[in-house]
Number of protein chains: 2
Amino acid sequence: MTEQTAGSRPTLEAVAAHAGVSRATASRVVNGGAGVRTPLVEKVRRAVEELGYVPNHAARTLVTRRNGAVAVIIAEPEFRVFSDPFFEQQVRGISRELTAHDAQLVLLWVEGPGDHDRIARYLGGGHVDGALAFSLHSDDALPAVIDRARIPVVFGGRPTPGTAPTIPFVDCDNRGGAREAVRHLVGLGRRTIAHISGPPDQTSAVDRIHGYRDVLIDADPALVCQGDFTEESGARAMAELLDRRPDVDGVFVANDLMASGALLTLRERGVRVPEDVAVVGFDDMDSVVRRTRPALTTVHQDIEGMGRLMVKLLMRLLDGTGPEVPESVITPTSLVRRASA
Amino acid sequence: MTEQTAGSRPTLEAVAAHAGVSRATASRVVNGGAGVRTPLVEKVRRAVEELGYVPNHAARTLVTRRNGAVAVIIAEPEFRVFSDPFFEQQVRGISRELTAHDAQLVLLWVEGPGDHDRIARYLGGGHVDGALAFSLHSDDALPAVIDRARIPVVFGGRPTPGTAPTIPFVDCDNRGGAREAVRHLVGLGRRTIAHISGPPDQTSAVDRIHGYRDVLIDADPALVCQGDFTEESGARAMAELLDRRPDVDGVFVANDLMASGALLTLRERGVRVPEDVAVVGFDDMDSVVRRTRPALTTVHQDIEGMGRLMVKLLMRLLDGTGPEVPESVITPTSLVRRASA
DNA sequence: GAATCGACTGAGAGCGCTCCCAGGGTCTGA
DNA sequence: TCAGACCCTGGGAGCGCTCTCAGTCGATTC
């Protein structure tokens, strides 16, 4: 019996032969060695080492029905989602946690509805044990596509109500964070507090408005101006707000990027921050916060931690541990006080 | 949700039975249907449809020894490689081309030397057919790790000489592009042309200096000032250059980001661009070029195309088509003339 | 009309691994 | 010293698919 076939990699069979044990025993050792006597474990380990044995992943998956890979679905309906620092941090958290679980990250990049079929086929094809996706817009058909694949999925961000009710998600406490931001402004003695909101088809934006309204129940509707989460839109919204209500003395902006834009407008108009108008952002995005003048007071969320949490939730789903449909997780936010408010 | 086969998914066997053919015939149809009579093809197709059959990837891989996945190795020895627009574009190109080849992208995120073992094991474990990696710094041990895995690999960017001699790469014509940039400055009648270079442990930076020297053989060494590819370093280098040689009337900067910094310094010092000093960058990075004043003349490279090319090269390696060791590809660059030179 | 040929089809042998189950060895208690 | 209990170990049966190879069947040719 030849031990090592030239060319191809050694198999478990070869390791077993080399160690003088059966394939079953070799397999046990390779998978942790529980229930195998120490001397045999040693022998097998040595054989593995000497032969440079690496388990064949496909063969293992075929019988275990587990392949140790998780898909991360990144949809790019618009400009540069991928290089968004928010995404980067979340994906990093996911990657780290996945590594800790010895699972692999398979990137599924969706460029449009034309890809949905491909994605569905892939997810359904048993290539991955589960998937992580990000809920973006309410008109996105992706959640439905993913749902159809019938594999465990966890969302990053709360999906639009009704889109995917059975899928657990991880989101930060957008509403609570917004409330805290607004209360902080109130606590500072501000009387006329405006809100620059994000696009209404994203739940995070909607939740943040709700948080604002929770505190300021009777606020003048003219005090809410909508942006689209970009810096320019924040600048524009701030200008409009200033025109509508020159008496504004506090602004809660739905994200840091727009807050940065708002700060620019305020400076241009000669409005002092925080003396005349106090500004609070949301996200505590490092790359933005570092460069605003004055330093931005904002609502911090642990983005990387949310990524890790998504993986943990998914792993629980895969293990079958915990409740059948694990409840979603809302992570806490905290206000970071800097100079702008 | 719907009923569908309780528990496990239908197998080829089931499809065959449903269609009244053998497993072999069903397999042929699923894999293109060549050599099967039309009525049978129809029958099998219908069975596949009705049963919602999806091939089991692991089983297929087990016998074909091909798994249709390619690893993209992203090393992050420093701050935010991932959200770098350069990377984003390249990865997008890779992703698109991979999809066109029906292959899957597996992301391998390397966070440090501690991960090397994991990566090596993964690459060697038959999880992927090949790998794509980016050569970053000369002191990086990653190329060696990858080389040891003995699977087809293609690099993005030329590796440091001696690191991985047998691995093909895709790089743009850094030297030629640099030469064109400098010649353009010469053609503009500039006499004292400086160069702001990148970090010397990256081949792209080295090649660009070489290109500069190719044209300006006798240039004063004081005309070359080193940066680290960041905007700030470009600003600093420009300041130093101005101090050393106030008579400078042209600068070739090794990348756009540093060029943007240089432009800032020039403006601060009241030096007119391009009247007093003409500036040429490198990369034609959209996000940078769009915001410089004046608009930056720069050397364009097709980054997404390079990503696609990496995949094409790898596919050729996997197919066994073409030469045993395919030669690397150097993509052309082109000068984009804008206002700064 | 029979022989030859070519085009399809299907049976069966694995790919490399895990896991069930029976059998053998060892250890303990009487 | 021997039976019974308990551990280990190894044989063997697949996991679902591809692929070779032999066999079938209709068509073509003389």
Side-chain angles (χ1 to χ4, degrees), chain A residues 1-45 47-48 51-69 121 124-127 129, chain B residues 5 7-45 47-48 51-69 102 121 124-127 129:
Chain A
M1 171 162 321
T2 53
E3 274 185 2
Q4 174 140 14
T5 330
S8 68
R9 279 203 300 267
T11 68
L12 232 209
E13 187 78 54
V15 172
H18 195 85
V21 299
S22 77
R23 206 175 53 241
T25 300
S27 172
R28 283 186 199 103
V29 174
V30 169
N31 290 293
V36 179
R37 230 169 312 207
T38 319
L40 284 196
V41 172
E42 288 299 319
K43 263 203 238 173
V44 174
R45 290 254 160 85
V48 166
L51 264 39
Y53 169 76
V54 180
N56 180 308
H57 184 240
R60 183 176 276 177
T61 297
L62 185 57
V63 29
T64 60
R65 279 130 196 304
R66 275 284 229 123
N67 55 28
R121 213 163 347 109
H127 296 70
D129 295 331
Chain B
T5 339
S8 63
R9 274 197 272 278
T11 69
L12 232 208
E13 188 78 55
V15 172
H18 196 85
V21 299
S22 75
R23 206 174 53 242
T25 299
S27 172
R28 285 188 197 101
V29 173
V30 169
N31 291 292
V36 179
R37 229 169 311 205
T38 319
L40 285 194
V41 171
E42 288 300 318
K43 263 203 237 172
V44 174
R45 290 254 159 83
V48 165
L51 264 40
Y53 169 76
V54 180
N56 180 307
H57 184 239
R60 183 177 277 176
T61 297
L62 185 57
V63 28
T64 58
R65 278 126 198 304
R66 275 286 227 121
N67 56 28
D102 234 356
R121 209 158 356 102
H127 295 72
D129 294 331

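Just so we're on the same page: letters track the sequence lines, and every chain starts at 1.
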Query raised in the report: Is A:V36 touching bases, backbone alone, or none of the nucleic acid, heavy atoms closer than 4.0 Å?
Result: sugar-phosphate

Report task. Report yes or no: is there a donor-acceptor pair, N or O only, under 3.5 Å between the side chain of B:R28 and the base of C:dG10? Result -> yes

Requested in this report: Report yes if a side-chain nitrogen or oxygen of B:N56 is closer than 4.0 Å to either non-bridging phosphate oxygen (OP1 or OP2) of D:dC15; otherwise report no.
Outcome: no

Query raised in the report: Once you round to the nearest 0.5 Å, how far does NE2 of A:H57 lie from OG1 of A:T64?
Result: 7.5 Å

Query raised in the report: Hey, does the side chain of A:T25 come within less than 4.0 Å of D:dG10's phosphate (OP1/OP2), counting only N and O?
Result: yes

Query raised in the report: Is the phosphate of C:dG16, meaning OP1 or OP2, less than 4.0 Å from a side-chain N or O of A:T11?
Result: no

Query raised in the report: Okay, side chain of A:N67, backbone of A:T61: is any donor-acceptor separation there less than 3.5 Å?
Result: no

Query - Proximity to the side chain of A:V63 - top-ranked nucleotide from D:dT18, C:dG16, C:dA11 - result: C:dG16

Requested in this report: Assess whether one donor atom and one acceptor atom, taken from the side chain of A:R23 and the base of C:dT18, lie less than 3.5 Å apart.
Outcome: yes

Query - Distance test, side-chain N/O of A:R65 to OP1/OP2 of D:dG16, below 4.0 Å - result: yes

Query raised in the report: Has the side chain of A:D129 got a donor or acceptor atom that lies under 3.5 Å from a matching backbone atom of A:R66?
Result: no

Query raised in the report: Between C:dC17, D:dG16, D:dG10, which nucleotide gets closest to the side-chain atoms of A:A59?
Result: C:dC17

**Report entry** C:dA11 OP1/OP2 closer than 4.0 Å to side-chain N/O of B:S22
**Finding:** no

Query raised in the report: With a non-hydrogen cut-off below 4.0 angstrom, is A:V21 in contact with a base, only sugar-phosphate, or nothing?
Result: sugar-phosphate

Report summary line: note: A:E13, atom CD; D:dG12, atom P; distance rounded to Å ~ 12 Å

Requested in this report: Between B:V54 and B:R37, name the one whose nearest nucleotide on DNA chain D is closer to the 5' end.
Outcome: B:V54

Query raised in the report: What's the verdict on side chain to side chain contact (heavy atoms under 4.5 Å, CB included) for A:T25 and A:R37, showing C-alpha distance, side-chain angles and the deciding distance?
Result: CA-CA 10 Å; A:T25 300; A:R37 230 169 312 207; over 6 Å; no

Query raised in the report: Atom CG of B:N67 to atom C1' of D:dT18: distance rounded to whole Å?
Result: 15 Å

Requested in this report: Indicate whether OP1 or OP2 belonging to D:dC17 is found under 4.0 Å from a side-chain N or O atom of B:S27.
Outcome: no

**Report entry** Approximate separation, where rounding is to 0.5 Å, of B:R45 CZ and B:T38 OG1
**Finding:** 10.0 Å

**Report entry** Interatomic distance, B:L62 CG vs C:dC15 C1' [rounded to whole Å]
**Finding:** 4 Å

